[in-house]
Amino acid sequence: MISRLAITEKALQLVERLEQKHGPLMFYQAGGCCEGTQPQCFEKGGFYPRMNDVLIGHIKDYEFWVDRDLFEYWQHAHFTLDVLEGFGPGGFSLESPLGKTFKVHYRLFTEQELKDLSPILRNG
């Protein structure tokens with residue numbers, strides 16, 4: 001099965017730093033106004049996905065949810081979680097006080113990959 005989600009080494013180091021400080025985590029990527037499409041990191045249970053939002057995979061053991069409308073747009077793309085230096089468009093995510101911002105890089109799946117994608121789970 002082809003994974004829909006990956007993480008850079010730099011982002012993984014930040015996730016490990018955040019889990020040491022905050023415990024179990026979760027990720028949510030919205031398509032909304034406040035944070036744009038910036039992925040957000042919360043303490044596990046600190047955000048509740050909406051009906052039909054999509055669980056596309058895990059970063060370590062932590063769920064990575066995507067807004068239902070954003071997923072419809074990006075369902076044919078692989079997500080790679082990365083981190084940038086600097087303060088993003090908002091301040092709700094756990095990495096913001098550290099002067100960092102999570103970012104997703106996208107690439108379209110090949111036709112062959114599309115035939116063997118890992119399943120998604122919709123919040124119901």
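The structure places CG of L5 at 12.0 Å from CD of E63, a figure rounded to the nearest 0.5 Å. Within the model, atoms CG of D82 and OG1 of T101 stand 11.0 Å from one another, a figure rounded to the nearest 0.5 Å. The distance from the NE2 atom of H78 to the OG1 atom of T110 is 11.5 Å, given to the nearest 0.5 Å. Atom NE2 of H76 is separated from atom CZ of R107 by 14.0 Å, given to the nearest 0.5 angstrom.
Residues R4 and F71 have side chains in contact (heavy-atom distance under 4.5 Å, counting atoms from C-beta outward). For the pair R68 and M51, the minimum side-chain heavy-atom distance is below 4.5 Å.
Side chain of S93 to backbone of C41: a donor-acceptor contact under 3.5 angstrom is found.
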Could you pull out all donor-acceptor pairs under 3.5 Å where a side-chain atom in residues 9-27 meets a protein atom, sequence neighbours excluded?
unit_1, atom_1, unit_2, atom_2, d
E19, OE1, Y62, OH, 2.3
E19, OE2, K60, NZ, 2.5
H22, ND1, E43, OE2, 3.2

Which atom pairs, one a donor and one an acceptor, fall under 3.5 Å between side chains of residues 116-124 and the rest of the protein, sequence neighbours left out?
unit_1, atom_1, unit_2, atom_2, d
D116, OD2, M1, N, 3.4
S118, OG, I2, O, 3.3
R122, NH1, N52, O, 3.1
R122, NH2, E72, OE2, 2.7
N123, ND2, P49, O, 2.9
N123, ND2, R50, O, 3.2

Practice task
For side chain to side chain contact (heavy atoms under 4.5 Å, CB included), just list the numbers for Y28 and D53, CA-CA rounded to whole Å, side-chain angles, deciding distance to a tenth of an Å, and then say yes or no.
Solution key: CA-CA 9 Å; Y28 185 80; D53 282 347; 2.7 Å; yes

Exercise for the section: Dump the intermediate steps for side chain to side chain contact (heavy atoms under 4.5 Å, CB included) on Q38 and K103, then the final yes or no. Expected result: CA-CA 6 Å; Q38 175 186 349; K103 175 179 178 37; over 6 Å; no

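For Y106, the side-chain contact (heavy atoms from CB on, under 4.5 Å) criterion is met by Q29, W74, A77, F79, V104, not counting sequence neighbours.
With hydrophobic clusters built from ILVMFWY side chains whose heavy atoms lie under 4.5 angstrom apart, L70 shares a cluster with I59. The hydrophobic cluster containing Y73 also contains L81, counting ILVMFWY residues as joined when their side-chain heavy atoms lie under 4.5 angstrom apart, directly or transitively.
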